[in-house]
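Quick notes on the structure that follows.
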2 protein chains.
Amino acid sequence: MATGRTHRPATRSRGIPEATVARLPLYLRALTALSERSVPTVSSEELAAAAGVNSAKLRKDFSYLGSYGTRGVGYDVEYLVYQISRELGLTQDWPVVIVGIGNLGAALANYGGFASRGFRVAALIDADPAMAGKPVAGMPVQHTDELEKIIEENGVSIGVIATPAGAAQQVSERLIAAGVTSILNFAPTVLQVPEGVDVRKVDLSIELQILAFHEQRKAGDAEAAAAALLPPAARRAAEAAANRKGPDGDVPAVMPA
Amino acid sequence: MATGRTHRPATRSRGIPEATVARLPLYLRALTALSERSVPTVSSEELAAAAGVNSAKLRKDFSYLGSYGTRGVGYDVEYLVYQISRELGLTQDWPVVIVGIGNLGAALANYGGFASRGFRVAALIDADPAMAGKPVAGMPVQHTDELEKIIEENGVSIGVIATPAGAAQQVSERLIAAGVTSILNFAPTVLQVPEGVDVRKVDLSIELQILAFHEQRKAGDAEAAAAALLPPAARRAAEAAANRKGPDGDVPAVMPA
DNA sequence: CCATCTTTGTGCACGCGTTCACAAAGACAT
DNA sequence: ATGTCTTTGTGAACGCGTGCACAAAGATGG
């Protein structure tokens, strides 16, 4: 997957382990799909398969919420949907602001996943005066000057940062000063935030690098294992590596982020 | 942060812990910034601060790569940049295909973070015939029919899925059949993949839900602290009642993803 | 060459998360 | 009622990751 957690100092929130919280949305999605198909109950085994986790883990996760299952039968889908939604705080409306309406910010504004599940885009904010007033996802972009006013008037507590890396820290500081206490950061920077503010980061570049590491390992293993018996993918990867550009192989092909 | 890992069965790759691998790109970014400012050496303390981690953790991470530091001095920035790049496999070129050129796919295609660090967008692929040939990020979109050919001709081993949820599983199967062994999945679905294929997922909706959980907890804590010390059961009942929106309070306010 | 000072590298202990395996609980049939 | 069968809920063991704290290593100055 593509993100890591930030600043969660092992503070188990209300007795529910952080790892469990991170999986609840996964369960919720699977349960919602079952609910749409009018499936009344589901066993831990089935649901675990749908969510891609171990069934024992799922049962233990649910046990933190309470005993909502029936032995010999399974879990009531509708009831569980409600319980998880409530636990995650999705029974209320969360106004969200998106700061930085470039390619990514615009894509986020158009993303359906925001609108569903209780998240409402309260405003789109950009520092470029030329963007002000332009409609994106059926909503006029507002200038950064309005940031504090928007947050206070709408009671926004969650902010999404989709600005360039250079602006992210400053934006986060303004968001926090205005009352935001949770930030989803798409900018490739480590945000420095005060105690009590939650930051989660989504970093495409980092995810790719992690994949590259494993990819390289696979290729290397395959190579070392046998020159013969190469699986097709590894063989092609090796070829691609051999096709490397330029004979000057000693300078790392790394560029600034 | 905004991602979770998938299907990493505690298989410590080449002796480097997965948690360390996930941090290497972070260090690399901080080091690259130092390198641009022509800083020759850096201590574990300084670098850890820049990367937002504990200095002991950083030193232990580096110790898995080898002993690249000098006691009393610190780490040589350029050398470390090279070593980490090599370890992550960034000294070679990784051709990548992006499947699903909607808002998000287009944003990804335009994202600078791909072009840098050895990742090269080899092709943009979409199932919509109307998209075929249209230029996105200076590159013509190709139709899904060409998927297998593109992957094989370019030796692509990393695929990015930015399609709607419904198409993701099928796309992943085609990618894998054609030789892709690492997938970065932006679609809100759990991909079912065979052994040996790495999947990382980026799920905006899940990240927001996790933030909402903590946000609710903060609000709840403040409330509970302010109000008289109600027993947990009573408090949860009160919350449930307060959280009901509208008069039709028995239907959970959750929508399909 | 020796003393001092800085900073690395790591042994160790602790806590979280995962998984196994099983007893308890309930449904269902007879 | 009673027995059987299914599935939950959880005790316990294990392994990974984290962070402390310190000894070893080297630089630097006299």
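Naming convention: chains lettered A, B, ... in sequence-line order (proteins, then strands); numbering from 1 in each chain.
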Which residues satisfy the side-chain hydrogen bond (donor to acceptor under 3.5 Å, both in side chains) test with [X], sequence neighbours excluded?
{"X": "R71(A)", "result": "none"}
{"X": "E46(B)", "result": "S43(B)"}
{"X": "T163(A)", "result": "none"}

Contact pattern, 5' to 3', of nucleotides 22-30 of chain C - B, S or - by protein heavy atom under 4.0 Å: --BBSS---

N or O in side chain of N54(B) less than 4.0 angstrom from dC20(D) OP1/OP2: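 True: N54(B) side-chain N/O within range (under 4.0 Å) of dC20(D) OP1/OP2.
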
End axis versus end axis in the helix from dC1(C)-dG30(D) to dT30(C)-dA1(D), the angle rounded to 10°, five pairs used at each terminus: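 Inter-axis angle at the ends, rounded: 10°.
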
Taking only residues two or more places apart in sequence, or in another chain, which ones meet [X] in a side-chain contact (heavy atoms from CB on, under 4.5 Å)?
{"X": "T70(A)", "value": "V73(A)"}
{"X": "A50(B)", "value": "A30(B)"}
{"X": "S172(A)", "value": "I161(A), Q169(A), I183(A), L191(A)"}

base_contact_polar (dG19(D) base, K60(B) side chain, donor-acceptor, <3.5 Å): yes

Sugar-phosphate, base or nothing in reach of Y75(A), heavy atoms under 4.0 Å: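 Contact class for Y75(A): sugar-phosphate only.
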
Ring pair (Phe, Tyr, Trp, His ring centres under 6.0 Å) contacts in which one or both residues fall within residues 23-63 of chain A, not counting sequence neighbours: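 Listed once each, the pairs are Y27(A)-F62(A), F62(A)-Y75(A).
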
